[in-house]
Protein chains: 2
Amino acid sequence: MREFYTITELTREFGVSTRTLRFYEDEGLVMPVRRGRTRLFRPADRHLIKQIMRGKRLGFSINEIREIIQMYREPPGEVGQLKLMIKRIEEKREDLRQKRRDLEETLSELDGAEEACVERLAELGVNT
Amino acid sequence: MREFYTITELTREFGVSTRTLRFYEDEGLVMPVRRGRTRLFRPADRHLIKQIMRGKRLGFSINEIREIIQMYREPPGEVGQLKLMIKRIEEKREDLRQKRRDLEETLSELDGAEEACVERLAELGVNT
DNA sequence: CACGGCATTTACGTAAAAGTCAATTACGCC
DNA sequence: GGCGTAATTGACTTTTACGTAAATGCCGTG
């Protein structure tokens, strides 16, 4: 496990621009350390970026991603906070389960659509 | 099955504004018929809106949703078009499968986070 | 018929999430 | 120690997906 990554290494790995990674830093999603003015991303930052990209692919906004990321952190020490966090986690999970239902439905409709295409091809005498 | 729905009925059902439904019409996603200037949505339009909302929840852009919706339509008559459409459908499916992987990972990380919270509560002597 | 209430059209506004550009600044190396 | 490459910062721009406001139309009811 390497100790540091430069910004351009990570832009290449994740297919985003430097502007994007700096934007995430401005938003407080990642906090790379500095050597002089240069950002040095640690493995933990890299992992966070991975989670951000996942969240993006799932259609979460930056704010939602921020919330999710906070859930991955060390649990708070106070009971009320802990219970609140558990509630929030449960809500996010419900959200994700809804997405999963949406996903399965969409997938199966696409299956149907493809089948219709294949049948139509068969009618036209094309061997698939 | 009712023949027509008014715009406000559908806004209530789907929790969106009239502006949104009119926007979808401008974008060519739905094509309600008119009585005078008033829009009348048929069951097919309603079903389309349902699909649009699903796509939105999954984080697809309007353009992506438009593409997906076109896949649900009657398959084209020409062989080249059919093969192209099958390719597009396969791409979308791959996209959805990626989302599904992202989803499962996020869900299991949330599981872990919740567990950590519950444990922490137990340490504090709270009965969950 | 006047009115309340929902619909429509047109036009402008805006927040989120970056993209783009220009002007520095710093680093590595020969 | 000069030079090219890479990184930074700041300002401005863009795109998407609607929101909002103003002016007007239509229609059933009392």
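We name chains A, B, ... by the order of the sequence lines, and we start the count at 1 in each one. Everything numeric here is computed off the predicted structure, so don't read it as measured data.
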Are [X] and [N] close enough that a side-chain N or O sits under 4.0 Å from OP1 or OP2?
X: A:K56; N: C:dA17; answer: no
X: A:R22; N: D:dT8; answer: yes
X: B:Y24; N: D:dA17; answer: no

Atom pair distance, as rounded to whole Å: [atom1] in [X] and [atom2] in [N]:
X: B:L29; N: D:dT16; atom1: CG; atom2: C1'; value: 13 Å
X: B:F23; N: C:dG13; atom1: CZ; atom2: P; value: 18 Å
X: A:R35; N: D:dA7; atom1: CZ; atom2: P; value: 11 Å
X: B:F60; N: D:dA17; atom1: CZ; atom2: P; value: 13 Å
X: B:M53; N: D:dC18; atom1: CE; atom2: C1'; value: 12 Å
X: A:N63; N: C:dA16; atom1: CG; atom2: C1'; value: 9 Å
X: A:F41; N: D:dA7; atom1: CZ; atom2: C1'; value: 11 Å
X: B:L21; N: C:dT9; atom1: CG; atom2: C1'; value: 16 Å

Response to the item:
Walking DNA chain C from its 5' end, the first of B:I7 and A:T20 to be reached, judged by nearest nucleotide, is B:I7
Discussion item. Both A:T38 and A:T18 contact DNA chain C. Taking the nearest nucleotide for each, which residue is further toward the 5' end?
Written reply: A:T18
So which nucleotide from [options] ends up closest to the side chain of [X]?
X: B:R19; options: C:dA18, D:dA6, D:dC18; value: D:dC18
X: B:R34; options: D:dT8, C:dT9, C:dA7; value: C:dT9
X: B:R37; options: D:dT8, C:dT9, C:dA17; value: C:dT9
X: B:I62; options: D:dA17, D:dA7, C:dT8; value: D:dA17

Worksheet item: Under 4.0 Å between a Lys/Arg side-chain N and an Asp/Glu carboxylate O for B:R120 and A:E74?
Response: no
Fill in: Test: B:R66 and B:E27 ion pair at under 4.0 Å
yes
So what does [X] touch, heavy atoms closer than 4.0 Å: a base, only the sugar-phosphate, or nothing?
X: A:S61; value: sugar-phosphate
X: A:T8; value: sugar-phosphate
X: B:R39; value: sugar-phosphate

Discussion item. Taking B:D111's backbone N and O only, do any of them form a donor-acceptor pair with B:E114's side chain (distance below 3.5 Å, no angle check)?
Written reply: no
Item to complete: Please answer whether the main-chain N or O of A:S61 pairs with a side-chain N or O of A:E64 as donor and acceptor at a distance below 3.5 Å.
Response: yes
Practice prompt. Test A:D102 against every option in B:K56, B:R57, B:R100, B:K50 by the salt bridge (Lys or Arg N to Asp or Glu O under 4.0 Å) rule and name the one that passes.
Written response: B:R57
